[in-house]
Amino acid sequence: MSNIVAGFFGTLRDIFLLCLLICASAQAGTSWQSESSRNLAQLLKDNPDQLQELGEPAVLGFYRDREYKLLWSNEQGRLDRAFDLLQAIIHAKDEGLIPSDYYLEDLKQIWNSTGLDESVRLDLLLSASLYRYSNDVYSGRFNASDLDADWHIKNQSVDVDRLFADVARKASIAQILKQLPPRHSAYQLLKQQLQRFRELAQQGGWQGLESGPVLKNGVQHKQVVQLRRRLQLTGDLVLDPFPDMDIFDRWLEEAVMRYQARHGLEVDGKVGPRTRRSLNITVGERIRQIRINMERWRWLPRELGKRYLIVNMTGFELYLVEDGLVELSMPVIIGKSYRATPTFSGLVSYMEYNPYWIIPTNIAIEDIIPRQVADPDYMIARSIKVYRGWAKPHEIDPQTVDWSKVGKHRFPYWLRQEPGPKNALGRIKFIFSNPYEIYLHGTPDKHLFDRVVRTFSSGCIRVKDPVRLAAFLLNEGTQQREEAVLANIYLGSNQGVTLPVAVPIYLVYWTAWVDQDGTMNFRDDIYGRDSRLNREFDL
């Protein structure tokens with residue numbers, strides 16, 4: 001009996017001691033939290049400008065609302081979410097970003113410190129890092145319009161309030177961080193190519209080709225072996241039965257043609273001056289180009305739409321995308337270098353058969369009138385009519401006007417080209433919302449689509465097959481729909497048609513992108529917009 005009593009009281013003693021330990025631990029934890037919160041509040045009060053990012057009201061408000069409780073540490077050390085963020089920062093280079101922008105070295109220096117003051121400072125650094133990293137990877141390191149005056153597409157900034165609230169609720173934030181970069185497949189493909197080209201750089205990249213003769217099928221030259229190795233590195237030369245032969249053979253010719261096609265060069269299988277210059281662009285420059293275009297993807301909206309049009313200006317191509325897949329593509333012509341097509345978005349909601357062309361005043365003065373002066377029959381031959389007045393327009397015979405006396409400061413007329421086979425807009429015009437008077441349209445100058453570089457318009461986008469595009473926008477691009485479109489054109493009269501569903505359109509400027517089949521494409525910086533980014537884009 002005494003043993004039972006002794007055991008009972010012994011058990012009570014153990015429970016009492018355990019309670020004391022739990023209470024002591026809880027008091028210690030509470031004490032640590034209270035002291036860390038006081039230190040954090042004091043630090044922010046005494047050093048309001050210590051970290052510029054914490055001047056962001058959303059971050060300061062977040063700490064204030066949680067009574068300055070630390071986000072990334074507790075009395076036992078760093079929380080899992082802190083390790084998740086550190087890993088994201090270390091791997092920021094995978095997103096084309098720079099880890100040092102997010103205080104990586106400062107974080108490493110105090111990461112293993114156990115002092116309360118260090119934990120408080122680390123919390124501020126991690127919060128500043130999250131704020132800066134999330135903004136950069138979500139919507140871009142830079143404000144698009146600051147670096148590219150021709151970029152007019154607005155994207156959405158990260159919701160800082162929601163982000164920090166979500167982070168505070170999660171033990172692990174790996175999935176939250178994973179969702180921050182653009183989820184567009186094109187961005188993810190560029191990300192993969194960035195890694196591939198960095199691996200090429202680590203292996204030494206490739207040697208440039210010195211000046212030399214045109215290399216083509218049948219030519220024997222010492223540079224042929226170097227050319228083979230160059231094209232093997234980038235995957236253009238896959239089948240090469242004679243890798244050390246200095247004679248240019250058909251396998252090498254096919255490889256050169258593959259290279260030329262994905263770099264927007266004339267596909268002739270010959271290494272002439274343009275192809276040689278392209279081959280000599282270093283792997284480092286190509287990495288820079290990929291990173292710049294990843295930044296452009298961060299400048300785009302997170303959702304482009306279930307069905308949308310996209311015009312890649314440097315590729316001179318239009319795509320109709322539905323459910324992430326390209327359903328239709330066709331060549332386009334874009335603005336001349338001095339009338340460059342801007343980057344913007346809109347909604348294609350309306351189209352016209354047999355459109356009139358009301359000629360913009362600047363085009364009338366700069367292009368039409370000099371030709372009329374040189375040839376008095378120019379306007380009549382092209383069905384261009386001259387009018388004076390808008391409320392009650394009065395038609396004027398162009399041959400009765402002294403065109404040498406008109407100019408941008410004295411131009412009391414307006415010009416309109418009638419519908420027909422000579423109309424500069426072709427037989428169909430696609431109208432979408434924008435302040436630049438830019439639209440898609442056909443063209444009578446079909447031969448220009450045979451050119452590799454197609455910068456011939458005054459800013460609008462000329463499409464090669466407007467009938468097929470109209471059929472897709474009106475329905476699913478069926479043969480019957482194309483025939484109906486042609487029937488309306490053959491009527492010859494001007495007709496307006498509202499599309500059944502307005503389709504978003506994005507005019508973009510990519511100099512590096514990956515096709516759906518995984519082919520890496522590069523293009524020349526035709527408008528000099530990469531150059532503008534290079535001056536500021538600290539790579």
Side-chain angles (χ1 to χ4, degrees), residues 150 313 316 331-342 350-432 434-451 453-464 466 489-496 507 526-527:
D150 293 308
M313 288 182 265
F316 306 105
V332 299
I333 291 168
I334 66 169
K336 302 168 186 175
S337 58
Y338 60 91
R339 288 179 185 160
T341 304
Y350 188 78
M351 55 181 270
E352 283 185 31
Y353 295 117
N354 303 304
Y356 291 97
W357 181 33
I358 298 177
I359 302 173
T361 302
N362 65 315
I363 295 176
I365 293 171
E366 295 172 11
D367 297 347
I368 306 298
I369 291 174
R371 294 170 185 171
Q372 176 68 19
V373 171
D375 177 9
D377 293 324
Y378 180 84
M379 291 187 187
I380 293 175
R382 286 159 181 78
S383 301
I384 297 175
K385 294 187 176 183
V386 181
Y387 294 92
R388 188 163 190 165
W390 286 95
K392 295 182 179 180
H394 173 63
E395 185 177 351
I396 296 173
D397 183 345
Q399 293 182 334
T400 64
V401 178
D402 185 354
W403 294 107
S404 63
K405 294 183 178 179
V406 301
K408 62 181 180 179
H409 299 298
R410 183 180 179 275
F411 192 75
Y413 311 104
W414 57 277
L415 312 182
R416 186 181 76 179
Q417 189 175 31
E418 301 298 292
K422 297 178 182 179
N423 189 285
L425 306 185
R427 292 306 188 100
I428 308 180
K429 169 183 173 182
F430 304 89
I431 301 170
F432 52 96
N434 71 91
Y436 313 105
E437 296 186 50
I438 288 177
Y439 33 82
L440 305 175
H441 62 82
T443 177
D445 300 321
K446 299 291 187 182
H447 66 282
L448 294 177
F449 288 104
D450 296 330
R451 302 283 290 273
V453 177
R454 296 189 289 273
T455 51
F456 302 114
S457 84
S458 295
C460 288
I461 308 297
R462 305 178 194 173
V463 298
K464 184 174 183 179
I489 289 173
Y490 293 148
L491 290 175
S493 59
N494 174 258
Q495 304 173 58
L507 277 62
I526 54 173
Y527 288 158

Engineer: More than 12 non-hydrogen atoms from neighbouring residues, nucleotides or ligands closer than 6.0 Å to CD on Glu395, yes or no?
Structural biologist: yes

Engineer: From Ile368 CD1 over to Ile384 CD1, what is the distance, rounded to the nearest 0.5 angstrom?
Structural biologist: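 It is 4.5 Å, given to the nearest 0.5 Å.
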
Engineer: Between the side chain of Lys422 and the main-chain N/O of Ala381, is any donor-acceptor distance below 3.5 Å?
Structural biologist: yes

Engineer: side-chain hydrogen bond (donor to acceptor under 3.5 Å, both in side chains) with Asp402: which residues, sequence neighbours excluded?
Structural biologist: Ser404

Engineer: Mind running side-chain contact (heavy atoms from CB on, under 4.5 Å) on Asp150 and Tyr527 for me, showing each step along the way?
Structural biologist: CA-CA 10 Å; Asp150 293 308; Tyr527 288 158; over 6 Å; no

Engineer: Taking the side chain as every heavy atom from C-beta outward, state whether Pro444 and Arg427 have any atom pair closer than 4.5 Å.
Structural biologist: no

Engineer: Would you call Ile369 and Tyr413 a side-chain contact if the rule is heavy atoms closer than 4.5 Å?
Structural biologist: no

Engineer: Rounded to the nearest 0.5 Å, what separates atom NE2 in His441 from atom CZ in Phe430?
Structural biologist: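 So the NE2 of His441 and the CZ of Phe430 are separated by 11.0 Å.
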
Engineer: Once you round to the nearest 0.5 Å, how far does CZ of Arg388 lie from NE2 of His394?
Structural biologist: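 So the gap between those two atoms works out to 9.5 Å.
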
Engineer: Taking all heavy atoms of Ile380 and all of Pro398, pick out the closest pair and write down the distance.
Structural biologist: CG1-CG, 4.0 Å

Engineer: Quick one: does Lys446's side chain have a donor or acceptor within less than 3.5 Å of a partner on Lys464's backbone?
Structural biologist: yes

Engineer: Do Ile461 and Ile334 pass the side-chain contact (heavy atoms from CB on, under 4.5 Å) test, and can you show the C-alpha distance, the side-chain angles, and the key distance before you say yes or no?
Structural biologist: CA-CA 5 Å; Ile461 308 297; Ile334 66 169; 3.9 Å; yes

Engineer: Would the distance check show the side chain of Glu418 and the main-chain N or O of Ser383 forming a donor-acceptor pair, the cut-off being under 3.5 Å?
Structural biologist: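 Absent.
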
Engineer: Is a side-chain donor or acceptor of Glu437 paired with a backbone partner of Pro360 at a separation under 3.5 angstrom?
Structural biologist: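 No; judged by distance alone, with no hydrogens or angles, the pair does not exist.
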
Engineer: Taking the side chain from Gln417 and the backbone from Arg382, do they hold a donor-acceptor pair closer than 3.5 Å?
Structural biologist: yes

Engineer: With a 4.5 Å heavy-atom cut-off, do Thr455 and Ser337 have their side chains touching?
Structural biologist: no

Engineer: Taking all non-hydrogen atoms of both residues, which atom of Thr400 and which atom of Asp397 are closest, and how far apart?
Structural biologist: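 Heavy atoms only, the tightest pair is OG1-O, 2.6 Å.
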
Engineer: Under the 3.5 angstrom rule, does the side chain of Trp414 hit a backbone N or O of Gly389 as a donor-acceptor pair?
Structural biologist: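 Indeed, once roles are kept as given, a pair shorter than 3.5 Å links the two residues.
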
Engineer: Using the side-chain contact (heavy atoms from CB on, under 4.5 Å) rule, take Tyr356 and Leu425 through it: C-alpha gap first, then chi angles, then the decisive distance, then the call.
Structural biologist: CA-CA 8 Å; Tyr356 291 97; Leu425 306 185; over 6 Å; no

Engineer: Using 0.5 Å steps for rounding, measure from the CZ atom of Phe316 to the CZ atom of Phe456.
Structural biologist: 8.5 Å

Engineer: So, does Arg454 use its side chain to make a donor-acceptor pair with the main chain of Arg451 at under 3.5 Å?
Structural biologist: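 Flag set: sc Arg454 to bb Arg451 pair under 3.5 Å.
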
Engineer: Is there a side-chain contact between Gln372 and Val401 in this structure, where contact means two heavy atoms from C-beta onward sitting under 4.5 Å apart?
Structural biologist: no

Engineer: Just verifying a value: how many Å separate Leu415 CG and Ile396 CD1, rounded to the nearest 0.5 Å?
Structural biologist: 10.0 Å

Engineer: Okay, side chain of Thr341, backbone of Gly459: is any donor-acceptor separation there less than 3.5 Å?
Structural biologist: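 The answer is yes, because a donor-acceptor pair under 3.5 Å joins these two groups.
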
Engineer: Quick one: closest heavy-atom pair of Ile359 and Ala364, and the distance?
Structural biologist: CG2-N, 3.8 Å

Engineer: So which atom in Ser458 and which in Arg339 form the shortest heavy-atom distance, rounded to 0.1 Å?
Structural biologist: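 In terms of heavy atoms, the two residues are closest at OG-NH1, 3.0 Å.
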
Engineer: Minimum heavy-atom separation for Ile365 and Lys408, please, with both atom names.
Structural biologist: CD1-CA, 3.3 Å

Engineer: Step by step, would you call Phe411 with Thr361 a side-chain contact (heavy atoms from CB on, under 4.5 Å)?
Structural biologist: CA-CA 8 Å; Phe411 192 75; Thr361 302; 3.9 Å; yes

Engineer: Rounded to the nearest 0.5 Å, what separates atom CD in Gln495 from atom CD in Glu352?
Structural biologist: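 Going from the CD atom of Gln495 to the CD atom of Glu352 covers 10.0 Å.
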
Engineer: Is the side chain of Ser457 donor-acceptor paired with the backbone N or O of Gly335 at a distance under 3.5 Å, no angle test?
Structural biologist: yes

Engineer: Might you point out which heavy atoms bring Phe432 and Leu440 nearest each other, and give the distance in Å?
Structural biologist: CE2-N, 3.6 Å

Engineer: Side chains of Tyr353 and Asn494: does their closest heavy-atom pair fall under 4.5 Å?
Structural biologist: no

Engineer: Can any side-chain N or O of Asn423 pair as donor or acceptor with the backbone N or O of Pro355 at less than 3.5 Å?
Structural biologist: yes

